[in-house]
Protein chains: 2
Amino acid sequence: MSKESIEQSLKLFIVLSRAHRSINDHVNTFIAANGLNPTEFAVLELLYHKGPQPLQQIGGKILLASGSITYVVDKLEQKEYLVREACKKDRRVTFATITEKGKEFIERIFPKHEEQIDQVMNVLTEEEKATAITLLKKLGLSLN
Amino acid sequence: MSKESIEQSLKLFIVLSRAHRSINDHVNTFIAANGLNPTEFAVLELLYHKGPQPLQQIGGKILLASGSITYVVDKLEQKEYLVREACKKDRRVTFATITEKGKEFIERIFPKHEEQIDQVMNVLTEEEKATAITLLKKLGLSLN
DNA sequence: TAATAATGTCTCGATTTCAAAATTAGTATA
DNA sequence: TATACTAATTTTGAAATCGAGACATTATTA
């Protein structure tokens, strides 16, 4: 654990934070221009791709506290992008289901969202992307 | 811009987000255990390493809106980790300066903070860290 | 020089998030 | 079966952040 090693680690932390912030700002600006915040978008995307979900599962998947789920789901329900549906088997559970309007929204927005990300990531070659994925995966796993 | 390329880009976005979140949660838990939030810590570290700063410069460096700077500097001033000082040359300007108590705090905490980060980053070899730094730098720059 | 523009900080209201407590429903135990 | 435990959701209050506007000061320019 030399001094240089620590400095490298710190530098890596900084460039990782900057890269993340930079990309996120870009992506979030696009999402905001379409009337949602990043969390709302994440929830809607989840429902679109994985089907109806119990509220609690949503919290688990996008890492949100239970109180926040209620809030975000309320917002999306007001916008008519999803509906709450009671679970018949277990009356404690509420499912969130994407509506037609929600589907249309995602289908309209998602391709551009992907393009935005691709546009940024394409400063790297395919090989560099593959390398970055491998390294970042290790970092993401290093704590669990 | 093939289909595979976009998928790689999306995957990279996801692993980048996860890595960042994972590391950040780790680091923030440590900082919180010492009574600060990440932003307060960032401001204090900036003042420690770069000396007294006009409030506005702080906002520029850690990317915070002007209203938020006022708020964070208030918090740190209440904790007696910094003081506001009027600028004599330009009476619009206020400097934030770290106090002795603030210095002691950073000197006590910072080495452990570095260790925390190093501990996580050391799942990578030195060479891998260097590679990651190079790639992430490109991503961070790709938008400005 | 006087008017106008720009700059730095603060205030205020709105948004988003969390954590803890409350509520309601289901499960297990004595 | 009553009683306590667990689970899912909502409510509530606090914290953190932003953006727009207010205010004082400084800079520019006509």
Side-chain angles (χ1 to χ4, degrees), chain A residues 17 20-21 24-29 31-44 46-47 52-79 81-97, chain B residues 17 20-21 24-29 31-44 46-47 52-79 81-97:
Chain A
S17 300
H20 181 256
R21 169 138 203 172
N24 251 39
D25 285 355
H26 187 59
V27 166
N28 293 348
T29 299
I31 294 173
N34 287 282
L36 294 191
N37 71 33
T39 309
E40 291 169 335
F41 186 78
V43 170
L44 208 54
L46 176 69
L47 297 182
Q53 304 281 323
L55 299 197
Q56 195 223 32
Q57 304 273 342
I58 297 175
K61 286 181 185 157
I62 67 174
L63 302 181
L64 218 51
S66 68
S68 309
I69 304 164
T70 300
Y71 176 78
V72 176
V73 168
D74 282 351
K75 300 275 310 292
L76 287 169
E77 202 168 22
Q78 282 158 25
K79 289 171 183 166
Y81 286 162
L82 64 74
V83 288
R84 279 180 166 88
E85 279 169 356
C87 174
K88 282 156 191 168
K89 313 206 169 184
D90 184 340
R91 292 186 354 213
R92 291 171 303 185
V93 174
T94 303
F95 281 87
T97 305
Chain B
S17 301
H20 181 257
R21 169 136 204 173
N24 251 40
D25 285 354
H26 186 59
V27 167
N28 294 347
T29 299
I31 294 172
N34 288 283
L36 293 191
N37 72 32
T39 307
E40 292 169 336
F41 187 78
V43 170
L44 208 54
L46 176 69
L47 297 182
Q53 305 282 322
L55 299 199
Q56 197 230 147
Q57 304 273 342
I58 297 175
K61 286 182 184 155
I62 67 175
L63 301 181
L64 221 49
S66 70
S68 309
I69 304 164
T70 301
Y71 176 77
V72 176
V73 169
D74 282 352
K75 302 274 308 292
L76 287 169
E77 203 168 22
Q78 282 157 26
K79 289 172 183 165
Y81 286 162
L82 64 75
V83 289
R84 278 182 168 88
E85 279 169 356
C87 174
K88 281 156 193 168
K89 313 207 169 181
D90 185 338
R91 294 190 348 218
R92 291 170 302 185
V93 174
T94 304
F95 281 86
T97 304

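Source: prediction; values computed, not measured.
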Indicate yes or no: at least one non-hydrogen side-chain atom of A/L76 is less than 4.5 angstrom from one of A/L47.
-> no
Taking C-beta and beyond as the side chain, do A/L55 and A/R84 meet within less than 4.5 Å on heavy atoms?
->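 They are in side-chain contact.
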Separation of D/dA8 C1' from A/Q53 CD (nearest whole Å) | 15 Å
D/dT9 C1' sits how many Å from A/E77 CD, rounded?
-> 13 Å
Atom pairs and distances, side-chain donor-acceptor, residues 32-43 of chain B, under 3.5 Å, sequence neighbours left out:
| from | atom 1 | to | atom 2 | distance (Å) |
| --- | --- | --- | --- | --- |
| B/N34 | ND2 | B/F30 | O | 2.9 |
| B/N37 | OD1 | B/T39 | N | 3.0 |
| B/N37 | OD1 | B/E40 | N | 2.8 |
| B/E40 | OE1 | B/N37 | N | 2.9 |
| B/E40 | OE1 | B/K79 | NZ | 3.2 |
| B/E40 | OE2 | B/K75 | NZ | 2.9 |
| B/E40 | OE2 | B/K79 | NZ | 3.3 |

Taking heavy atoms of chain B and a 4.0 Å limit, find me the 5'-most and 3'-most nucleotide of DNA chain C within that range.
-> C/dA6 to C/dT11
Qualifying residues under side-chain contact (heavy atoms from CB on, under 4.5 Å), relative to B/P52, sequence neighbours excluded |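 Checked B/P52 against side-chain contact (heavy atoms from CB on, under 4.5 Å); matches are B/F95, B/T97.
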Please round to the nearest 0.5 Å and tell me the distance separating atom NE2 of B/H26 and atom CZ of B/R21.
->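 Reported to 0.5 Å precision, the distance equals 15.5 Å.
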Can you measure from NZ (B/K89) to CZ (B/R92) and round to the nearest 0.5 angstrom?
-> 14.5 Å
For residues 61-68 of chain B, run the donor-acceptor check on the side chains, cut-off 3.5 Å, and write out each pair with its distance to 0.1 Å, sequence neighbours left out.
| from | atom 1 | to | atom 2 | distance (Å) |
| --- | --- | --- | --- | --- |
| B/K61 | NZ | B/Q53 | OE1 | 3.1 |

For the helix from C/dT1-D/dA30 to C/dA30-D/dT1, what is the angle between the axes at its two ends, each from 5 pairs, rounded to 10°?
->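 What I find for the helix from C/dT1-D/dA30 to C/dA30-D/dT1 is an axis angle of 0°.
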Reading nucleotides 14-25 of chain D 5' to 3', which nucleotides get B (base under 4.0 Å from a protein heavy atom), which S (sugar-phosphate only), which -?
-> -SBBBB-----B
Between A/L36 and A/K89, the residue closer to the 5' end of DNA chain C by nearest nucleotide is A/L36
At their closest point, which heavy atom of A/I69 faces which heavy atom of A/G59, and how far apart are they?
-> CD1-CA, 3.3 Å
